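See below for the structure under consideration.
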Amino acid sequence: MTLDREQRLTAWLRTQPGFGERCEITSLQPLAGGQSSELLSLVCRRAPDLPEKRFVIRFEQRGKQLFLTPDIVREYRMIDGIARHSAVPVAPMMGVEGTGEVLGAPFLVMRQIEGRAPLGRPSMHVQGLLTELDAGQRATLAFNGLDAVAGIHAIDWRRSHPFLVEPTADGRGIDRHLRQLSVWYRWATAGRAFPITDQALDYLQRHRASLRDEDDVLLWGDARPGNILFEPDQSIAAVLDWEGALIGPRSLDVGYWLMMDRFHAEMIGCERLSGWPSEAEVVRHYSNVAQVEVHDLDYFILLGAFFIATTLIRATDIGIEAGRLPADTQMAHANTATQIVAERLGVPVPPLSPEFSAYRGLTSVQGARC
């Protein structure tokens, strides 16, 4: 970051209540970990005689974004509303800049939270946090994560997040979500044929009418262990990544959790670590905590896989444009998400493309637990 940008950031921070007019930046460095957004690590002190504090800057992605309409102000409001209206742990919001005039793109600033998340690559059952725990600790971690999902669903969104639904919106949340998914998918595919996901969207739209209607609740939208920072005792330090939050049926989040569990296990030939709950145990635990049943999980597992497959279409295009992937790669057609979709639809399951296997780090674990 140039000195001029750092000076502009310093001036902006001094206008924010959490920093103060004597705030000084002591370190500003790129931070690894953001898959859909660029991150910076910010260290500063409110005054020369005060201790340093650590923060994270999260940018709104524009131009080469995964999602059609990224909105960092919406994400800020989303997280801030969780903090104000629930006990679900989130990173404290420190400020949001929505014009892009300070750093070239809109961004939010949040307090850096210490904690560890299960690794997503190649699988949380192969490397990282889960491999360092015993069976009981793994079960505790998983169930604490599900408790957080139930806690999010219990929030009265009409008080905390009414902005997630347009005043003129009609129909149930699932109907709005399917319409938005269709628009996003058409934008991502840009008129190209993607036979497996094209069939998935058709299936999802045609079978909407057969779903049992559930009450609309506040949904995380990216419900998986990899988006949670855990304390050493497996309690939750913070729930992360709220850009996909929406209003809809609770089964959407539960189905997504189950889909991502398969993404890390069966679909890549990995054995789950001992203690990690089965699908039936996940559903039973969530239902007991939320005191409500979930329905149509096969549909919502497919919906979650379709969502991930669409992000991979965009990620592939971005990789090709950046020169990281060959122009003829089949990664957007042949990945773990499209395998889940194909399996659910009963159509031929494509083999994983070499680029996807490399992207996920799967080749490095062949012959181990996978």
Side-chain angles (χ1 to χ4, degrees), residues 29-39 41 54 56 58 66 88-91 110 112-149 220-244 253 256-279 281-282 285 304-305 308 311-312 315 335-337 339-340 352 355-370:
Q29 301 291 333
L31 182 63
Q35 296 189 48
S36 59
S37 180
E38 179 188 356
L39 304 175
S41 172
R54 296 181 176 274
V56 173
R58 181 177 172 94
L66 293 179
V88 175
V90 291
M110 54 188 168
Q112 181 172 310
I113 302 297
E114 297 300 322
R116 295 179 65 191
L119 288 178
R121 302 178 188 176
S123 166
M124 61 184 177
H125 296 291
V126 174
Q127 295 178 6
L129 177 59
L130 292 191
T131 66
E132 302 168 17
L133 305 178
D134 63 31
Q137 291 170 324
R138 293 184 197 112
T140 297
L141 182 148
F143 291 141
N144 284 343
L146 290 167
D147 291 348
V149 175
W220 182 4
D222 200 358
R224 54 190 173 97
N227 279 339
I228 303 175
L229 292 177
F230 291 94
E231 301 277 9
D233 65 354
Q234 294 81 57
S235 62
I236 294 178
V239 178
L240 309 175
D241 286 357
W242 293 90
E243 61 193 320
D253 270 351
Y256 189 90
W257 182 285
L258 295 175
M259 181 277 300
M260 290 303 301
D261 194 43
R262 297 181 184 189
F263 194 93
H264 285 282
E266 291 97 332
M267 301 311 298
I268 56 172
C270 271
E271 177 186 350
R272 285 182 179 81
L273 290 164
S274 62
W276 195 254
S278 67
E279 181 172 311
E281 289 170 329
V282 166
H285 182 88
I308 292 295
T311 69
L312 286 168
N335 53 68
T336 312
Q339 286 186 332
I340 295 174
L352 294 180
E355 292 81 18
F356 180 78
S357 293
Y359 171 72
R360 297 292 306 174
L362 298 179
T363 54
S364 66
V365 296
Q366 288 179 349
R369 291 184 59 85
C370 296

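The model shown is predicted, which means the values in this text are computed figures rather than measured ones.
Note that CG of Leu66 is 6.0 Å distant from OG1 of Thr311, once rounded to the nearest 0.5 Å. Note that CG of Leu273 is 11.0 Å distant from CD of Glu132, once rounded to the nearest 0.5 Å. Atom OG1 in Thr131 sits 12.0 Å away from atom CE in Met124 (nearest 0.5 Å). Separating the CD atom in Gln112 from the CG atom in Leu229 is a distance of 9.5 Å, to the nearest 0.5 Å. Taking CG of Leu133 as the start and OG1 of Thr140 as the end, the distance is 9.5 Å to the nearest 0.5 Å. The structure places CG of Asn144 at 8.0 Å from CG of Asp233, a figure rounded to the nearest 0.5 Å.
Annotation: side chain of Pro225 is in contact with side chain of Trp257 (closest heavy-atom distance under 4.5 Å). Looking only at side-chain heavy atoms (C-beta outward), Met259 and Ile308 come within less than 4.5 Å of each other. Counting heavy atoms from C-beta on, the side chains of Asp261 and Glu279 never come closer than 4.5 Å. Contact check for Ile113 versus Glu231: no side-chain heavy atoms found under the 4.5 Å cut-off. For the pair Leu119/His264, no side-chain contact is recorded, criterion being any heavy-atom separation below 4.5 Å from C-beta on. A 4.5 Å side-chain heavy-atom check between Asp222 and Glu243 finds every atom pair outside the cut-off. Contact annotation: the side chain of Leu312 approaches that of Phe356 to within less than 4.5 Å [non-hydrogen atoms, C-beta and beyond]. Ile340 places none of its side-chain heavy atoms less than 4.5 Å from the side chain of Met260.
In this structure, the side chain of Asp253 engages the main chain of Gly221 through a donor-acceptor pair within 3.5 Å.
Pro122 approaches Ile268 most closely through the heavy-atom pair O-CD1, 3.7 Å. Between Ala305 and Ala337 the shortest heavy-atom distance is O-CB, 3.5 Å.
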* Give the intermediate values and the outcome of side-chain contact (heavy atoms from CB on, under 4.5 Å) for residues Asn227 and Trp242. => CA-CA 9 Å; Asn227 279 339; Trp242 293 90; over 6 Å; no

* Derivation of the side-chain contact (heavy atoms from CB on, under 4.5 Å) call for Gln234 and Arg138 -> CA-CA 8 Å; Gln234 294 81 57; Arg138 293 184 197 112; over 6 Å; no

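Cation-pi geometry between Arg224 and Tyr256 is not satisfied (NZ or CZ under 6.0 Å from the ring centre, within 45° of the ring normal).
Using a 30° and 60° split on the angle between ring planes, Phe143 and His285 fall in the parallel class, below 30°.
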